[in-house]
Amino acid sequence: MAEEEYGEAVLAIVDLVPEGRATTYGLIAEVLHEQLGRGGPRNVAAVMAGHGSLVTWWRVVRADGTLPAHLADEARQAYLGEGTPLRPTGAVDLAKAVWLPPDIHSSTP
DNA sequence: GTTATGACTATGG
DNA sequence: GCCATAGCCATAA
């Protein structure tokens with residue numbers, strides 16, 4: 001159970017990512033692991049695969065700023081429209097565009 | 001209960 | 001710089 005809760009949490013964080021920025025599966029997974037006690041980049045990806053269409057999925061990239069082949073093409077257009085810093089390789093320049101997810105473990109009273 | 005799979009990550013060649 | 005392997009976590013069959 002609680003798959004929805006995990007999914008909601010993932011979608012919520014993704015929805016919080018500001019324009020022109022991006023975050024990684026690992027970071028989201030790490031924060032969720034603090035909140036829900038379970039975590040894994042694979043699971044975050046699994047949620048995105050199922051509910052990704054409901055959020056700005058292109059703002060979530062892999063640890064090196066790249067994205068799977070079937071998404072890179074569409075994500076690229078989104079990045080151009082939002083002004084997300086990209087690398088010559090077509091990947092997101094995480095050095096500038098990285099966005100740290102809200103660490104509720106320390107921010108929330 | 002066991003096996004297979006995945007929008008992942010880190011390390012080694 | 002790119003390709004292959006190992007490890008990890010949860011879901012689905």
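Every chain is numbered from 1, with letters handed out A, B, ... down the list of sequences.
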Go through residues 20-27 of chain A and report each residue with a non-hydrogen atom lying under 4.0 Å from DNA chain B, sorted by number.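 Residues of residues 20-27 of chain A that come under 4.0 Å of DNA chain B are, in numerical order, A/Y25, A/G26.
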Identify, residue by residue, the members of residues 61-79 of chain A with a heavy atom below 4.0 Å from DNA chain B, and return them in order of residue number, or none.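 Residues of residues 61-79 of chain A that come under 4.0 Å of DNA chain B are, in numerical order, A/R62, A/A63, A/P68, A/H70, A/L71.
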Taking [atom1] from [X] and [atom2] from [N], how many angstroms apart are they, rounded to a whole number?
X	N	atom1	atom2	result
A/L54	B/dA7	CG	P	17 Å
A/L32	C/dA10	CG	C1'	13 Å
A/H51	B/dG6	NE2	P	18 Å
A/R87	C/dG1	CZ	C1'	12 Å

For C/dC8, give the paired nucleotide (Watson-Crick: N1-N3 plus N6-O4 or O6-N4; G-U: N1-O2 and O6-N3; both under 3.5 Å), or none.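 Per the H-bond distance test, none.
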When you check the side-chain N and O atoms of A/W58 and A/Q77, is any donor under 3.5 Å from an acceptor?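 On atom types as modelled, these side chains do not qualify, holding no pair under 3.5 Å.
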Quick one: closest heavy-atom pair of A/D64 and A/A91, and the distance?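 Residues A/D64 and A/A91, closest heavy atoms: O-CB, 4.2 Å.
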Among B/dT9, B/dA7, C/dA10, which nucleotide has an atom closest to any side-chain atom of A/R38?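 Ranking B/dT9, B/dA7, C/dA10 by closest atom to the A/R38 side chain puts C/dA10 first.
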Nucleotide nearest A/N43 (side chain, heavy atoms from C-beta), chosen from C/dG7, B/dA7, C/dT11: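 Out of C/dG7, B/dA7, C/dT11, the nucleotide with an atom closest to A/N43's side chain is C/dT11.
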Spell out yes or no: do the side chain of A/R42 and the base of C/dC9 have one donor N/O and one acceptor N/O closer than 3.5 Å?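 No pair found.
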